[in-house]
Amino acid sequence: MLEMRQQCRNSEQPIFSSRAHVFQIDPNTKKNWVPTSKHAVTVSYFFDSTRNVYRIISLEGSKAIINSTITPNMTFTKTSQKFGQWADSRANTVYGLGFSSESHLSKFAEKFAEFKEAARLAKERSQEKTELTSTPSQGGAVKRNVLSVDKPGKKKESAPGDLQSPLTSESINGTDENRVTPNTPKHSEARAEPSQNALPFSHSSSSINKHWEAELAALKGNNAKLTAALLESTANVKQWKQQLGAYQEEAERLHKRVTELECVSGQTTAIKSQKTELNRTIEELELALKAKEEELERLKAEVESANEFRFQKDTLTQKLKETESRNQTLEAQLSDLEQRLESSQLERDTYRNNLCSLLELLDSKIFELTELRDMLAKLMEGS
């Protein structure tokens, strides 16, 4: 992380920044979004002048939640008014950004398209440079194997990618005419060279022959070494072709991967519409659930009222049973009293009858006594 920040400070400069909520596609389902930031963070475009690439970087504290290099195959897609996404095949994920307004999203998408085009142009320029450097490397592999010499006995250093020449200072006299190509030793030129620098007449012809024999042997050795260098450069060319084929296969694989991700991105719109429909269904179900909960509360209140009514019913039933038992007791008492009343009434009727009889008898006696008094009175008056 410290190296990334140091690199950003040294070779990369922020070009454009915006704030957004960062998401990544769920690596397991490849359908749901997983938030990678707790709140809105700064998302910036950076330009790496060293590698000539554009990157999207976002940090949350000390954690890098986005580190995506923009390639010509990338596409930034607006899936809603405030949400956009792009696929990064190198990171093997899909990034999503949720902005606070549609204008921020549009500005970010414009910058993405601009830097994508710049990345494409930079890639084309690098490919042209590669082709220009690779073409002479194949056609003149042998010529680069020969070291140029500034002075006799002093070799000139070659480039790091060039093959080192096996020539020695003994076989080079400092002129361009003495550079020898493989399999073509120039004996005539080699013999013509000493004629320009004629030896003094004091030297014997035998020493001259020995000198040219040594020169010829050195040239043969250099020829063999150059042939080996040619074979080595041919092997390197084959290896470079194999690497180029591997790079092309990798590019095709990445292109297929990008196509798959674009298909997934196309499916994301349908998935989002399904998600919107599901959210609407969930809201309807939540409303229905809320209504059911209210109905349940009402039913609970009714159940509580029913329980109270049941308790009151049980209490009243108990009281009714007690009242019925008391009623039965009272009925028994009433029946007893009725029987006693009937018997009393019979006794009273009998007593009344007896009294009537006694009254009739008393009336008759009184009448007789009255008659007897009247007779006694008459007798008293008559006497």
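Please read all numbers here as calculations on a predicted model, not as lab measurements.
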Pair up each side-chain donor or acceptor in residues 358-367 with any protein partner under 3.5 Å, not counting sequence neighbours, and list the distances.
{"unit_1": "Ser364", "atom_1": "OG", "unit_2": "Glu360", "atom_2": "O", "d": "3.3"}
{"unit_1": "Ser364", "atom_1": "OG", "unit_2": "Leu361", "atom_2": "O", "d": "2.5"}

Answer with yes or no whether the hydrophobic clustering places Phe309 together with Leu320; edges join I, L, V, M, F, W, Y residues whose side-chain heavy atoms lie under 4.5 Å apart.
no

Tell me every residue that passes salt bridge (charged side-chain N to carboxylate O under 4.0 Å, His left out) with Glu124, counting only those two or more places apart in sequence or in another chain.
Arg120

Close side-chain approach of Trp240 to Gln243, heavy-atom, < 4.5 Å
yes

Check each of Phe83, Tyr95, Tyr45, Phe112 against Phe76 using the ring-ring contact (aromatic ring centres under 6.0 Å, His included) test, and report the only one that passes.
Phe112

Derivation and outcome, side chain to side chain contact (heavy atoms under 4.5 Å, CB included), residues Ile57 and Ile66:
CA-CA 5 Å; Ile57 296 176; Ile66 297 179; 6.0 Å; no

Within the 6.0 Å centroid threshold, strictly below: Phe47 and Phe115
no

Nearest 0.5 Å, what's the CZ-CD distance between Arg348 and Glu342?
14.5 Å

Pair Ser325, Lys321 - check side chain to side chain contact (heavy atoms under 4.5 Å, CB included), show working.
CA-CA 6 Å; Ser325 62; Lys321 288 180 180 180; over 6 Å; no

Residue pair Ile56 / Val43, side-chain heavy-atom distance below 4.5 Å:
yes

Kindly compute the distance separating CG (Leu254) from CG (Asn73), expressed to the nearest 0.5 Å.
8.0 Å

Can you name the nearest heavy-atom pair linking Thr29 to Asn32, along with the distance?
OG1-N, 3.5 Å

Other residues, nucleotides, ligands: >12 heavy atoms within 6.0 Å of Gln81 CD
no

Between Arg253 and Glu250, does any NZ, NE, NH1 or NH2 come within less than 4.0 Å of an OD or OE carboxylate oxygen?
yes

Taking atom types as modelled, find out whether Ser68 and Asp88 have a side-chain donor-acceptor pair closer than 3.5 angstrom.
yes

Can you check whether Thr75 reaches Lys116 side chain to side chain, under 4.5 Å on heavy atoms?
yes

Residues, nucleotides or ligands: over 12 heavy atoms within 6.0 Å of Lys30 NZ
yes

Enumerate the salt bridge (charged side-chain N to carboxylate O under 4.0 Å, His left out) contacts for residues 104-114, please, sequence neighbours excluded, ordered by first and then second residue.
Lys111-Glu114

Measure the shortest side-chain to side-chain distance between Arg257 and Asn92 over non-hydrogen atoms and say whether it is less than 4.5 angstrom.
yes

Any non-hydrogen side-chain atom of Ser44 less than 4.5 Å from a side-chain atom of Arg55?
no

Side-chain atoms of residues 278-292: list all donor-acceptor pairs with protein atoms under 3.5 Å, sequence neighbours left out, distances to 0.1 Å.
{"unit_1": "Asn279", "atom_1": "ND2", "unit_2": "Lys275", "atom_2": "O", "d": "3.2"}
{"unit_1": "Arg280", "atom_1": "NH1", "unit_2": "Glu277", "atom_2": "OE1", "d": "2.6"}
{"unit_1": "Thr281", "atom_1": "OG1", "unit_2": "Glu277", "atom_2": "O", "d": "2.8"}

Heavy-atom side-chain contact between Thr69 and Phe46 under 4.5 Å
no

Just say parallel, tilted or perpendicular for the rings of Trp33 and Phe23, cut-offs at 30° and 60°.
perpendicular

Write down the atom of Ser18, the atom of His104, and the distance for their closest heavy-atom approach.
OG-CB, 4.3 Å

Student check: side-chain heavy atoms of Trp86 and Leu97 closer than 4.5 Å:
yes

Are any of the side-chain heavy atoms of Asp48 and Tyr54 separated by less than 4.5 Å?
no

For the student: nearest non-hydrogen atoms of Ser58 and Thr42, plus distance:
OG-O, 3.0 Å

For Glu60 and Thr36 the tightest heavy-atom approach is OE1-O, 3.3 Å

Listed partners of Glu302 passing salt bridge (charged side-chain N to carboxylate O under 4.0 Å, His left out), at least two apart:
Arg298

With Arg352 via salt bridge (charged side-chain N to carboxylate O under 4.0 Å, His left out) - residues at least two apart:
none

